[in-house]
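A short worksheet on the structure shown next.
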Amino acid sequence: MTDPETTAEVRERYGVGAFGERVGMGDRPALVVVDLINAFTDPDTDLGSELGGVLDRVAVLLDAFRAHDLPRYFTTIAFEDSYGDAGRFVEKVPALRELRLGTEAVEVDDRVEPIGDERVILKKYASAFFGTDLSTELTTDGVDTLVVTGVTTSGCVRATAVDSLQHGYRTIVPADAVGDRADEPHRANLFDIDAKYGDVVASADVIDHLEDGEGS
């Protein structure tokens with residue numbers, strides 16, 4: 001990924017052959033839709049932001065993965081009324097108290113809602129892997145590549161991308177299918193992911209790969 005606002009000095013420091021090599025997509029990619037739940041997609045909540053464009057791109061990716069019968073997973077983050085399952089996370093981010101189990105706030109936004117047997121994986125922390133059975137699901141489904149979408153780029157998307165790499169998956173992050181509350185952390189984390197953890201691409205590149213028959 002090339003960001004026109006990245007300085008020449010930074011580009012030199014992260015030079016070719018040192019960082020940012022391409023890992024590409026493997027034979028069986030899966031799509032992970034991270035935390036596109038109402039509390040995050042409603043800009044009027046403490047946790048939310050305007051994500052219309054991200055939702056549109058994720059919807060297109062979902063259609064493509066469904067058409068090719070490739071695995072799709074969703075995540076939500078929700079806590080019990082006692083918040084005993086929230087640890088120090090809720091102390092650090094008090095706005096997380098909005099995310100109570102069984103409420104509309106933690107349901108996946110209707111614009112990208114799961115269909116059929118698509119699972120919504122409940123998590124308590126940033127990574128879709130931490131404390132969940134996602135890794136088991138991916139192994140069972142024979143997945144070798146994770147396409148990570150959703151929110152936020154600097155939080156749960158980044159954590160999931162890092163853990164995806166650490167679990168041995170090729171990791172792809174479509175830049176136009178992830179979002180954040182501010183542009184600066186969004187761009188900075190896309191740069192860092194692309195340098196060290198996965199390939200940052202356009203969602204159209206992912207779809208082209210599927211249409212070429214390389215991911216089916």
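Because the structure is predicted, anything quoted here is derived from the model rather than measured. The chain is numbered in sequence order, starting from 1.
Using a 4.5 Å heavy-atom cutoff, the side chains of Asp133 and Arg119 are in contact. Within the 4.5 Å cutoff, the side chain of Val173 has no heavy atoms near those of the Val201 side chain. Between Val206 and His209, every side-chain heavy-atom pair lies at or beyond the 4.5 Å cut-off. Within the 4.5 Å cutoff, side-chain heavy atoms of Val178 are placed close to those of His186. Looking only at side-chain heavy atoms (C-beta outward), Pro174 and Val147 come within less than 4.5 Å of each other. Here the side chains of Lys124 and Leu122 are in contact, with some heavy-atom distance below 4.5 Å. Residues Val148 and Ile172 are not in side-chain contact: their nearest non-hydrogen atoms beyond the backbone lie 4.5 Å or more apart.
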The test is side chain to side chain contact (heavy atoms under 4.5 Å, CB included); show your working for Thr41 and Val54 and say whether it passes.
CA-CA 10 Å; Thr41 61; Val54 171; over 6 Å; no

Evaluate side chain to side chain contact (heavy atoms under 4.5 Å, CB included) for Asp192 paired with Arg158, printing each intermediate quantity in order.
CA-CA 9 Å; Asp192 207 44; Arg158 179 196 171 98; 2.8 Å; yes

Yes or no on side chain to side chain contact (heavy atoms under 4.5 Å, CB included) for Val106 and Ile77, after CA distance, side-chain angles and deciding distance?
CA-CA 7 Å; Val106 300; Ile77 180 167; over 6 Å; no

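In terms of modelled atom types and a separation under 3.5 Å, the side chain of Thr149 and the main chain of Val32 share a donor-acceptor contact. For Asp176 (side chain) and Ser203 (main-chain N/O), a donor-acceptor pair under 3.5 Å exists by modelled atom type. Between the Thr75 side chain and the Asp35 main chain, a donor and an acceptor come within less than 3.5 Å of each other. Looking at Thr145, its side chain never comes within 3.5 Å of a backbone N or O of Arg170 through a donor-acceptor pair. For the pair His167 (side chain) and Asp163 (backbone), a donor-acceptor distance under 3.5 Å is present. Under the 3.5 Å distance criterion, the side-chain polar atoms of Glu98 are left unmatched by any main-chain donor or acceptor of Thr45. For Asp180 (side chain) and Pro185 (main-chain N/O), no donor-acceptor pair under 3.5 Å exists by modelled atom type.
Within a 6.0 Å radius of CD in Glu91, other residues, nucleotides and ligands contribute more than 12 heavy atoms.
A distance of 8.0 Å separates CG in Leu138 from OG in Ser164, rounded to the nearest 0.5 Å. Here the CG atom belonging to Leu165 is positioned 11.0 Å from the CD1 atom belonging to Ile193, to the nearest 0.5 angstrom. Remark: Glu113 CD to Glu107 CD distance equals 10.0 Å, nearest 0.5 Å. Leu134 contributes atom CG, which lies 7.0 Å from atom OH of Tyr73 (distance to the nearest 0.5 angstrom). Put simply, CG on Leu62 and CZ on Arg57 are 11.5 Å apart, with the number rounded to the nearest 0.5 Å. Taking CG of Leu70 as the start and CG of Leu61 as the end, the distance is 11.5 Å to the nearest 0.5 Å.
Closest approach of Gly24 to Asp199, counting heavy atoms only: N-OD2, 2.8 Å. Residues Leu96 and Tyr83 approach most closely at O-CE2, 4.5 Å, considering heavy atoms. Smallest separation of non-hydrogen atoms from Arg66 and Pro114: NH2-CA, 4.2 Å. Of all heavy-atom pairs between Ala195 and Phe19, the closest is O-CB, 3.7 Å. Taking every heavy atom of both residues into account, Cys156 and Ala126 meet most closely at CB-O, 3.3 Å. The two atoms that bring Tyr169 and Val143 nearest to each other are CE2-O, 3.3 Å, heavy atoms only.
Taking the six-membered ring where the residue is Trp, Tyr125 and Phe130 present perpendicular rings, their angle passing 60° and hence far from 30°.
A cation-pi arrangement is absent between Arg100 and Phe79 under the rule of less than 6.0 angstrom and at most 45 degrees off the ring axis.
At a cut-off of 3.5 Å, with distance as the only test, no side-chain donor of Ser49 or Arg181 sits close to an acceptor on the other residue. In this structure, a donor-acceptor pair under 3.5 Å is absent between the side chains of Asn189 and Thr153.
Using a 4.0 Å cut-off between charged nitrogen and carboxylate oxygen, Asp194 and Arg22 count as a salt-bridge pair. With respect to the salt-bridge test (charged N to carboxylate O, under 4.0 angstrom), the residues Arg28 and Asp144 do not qualify.
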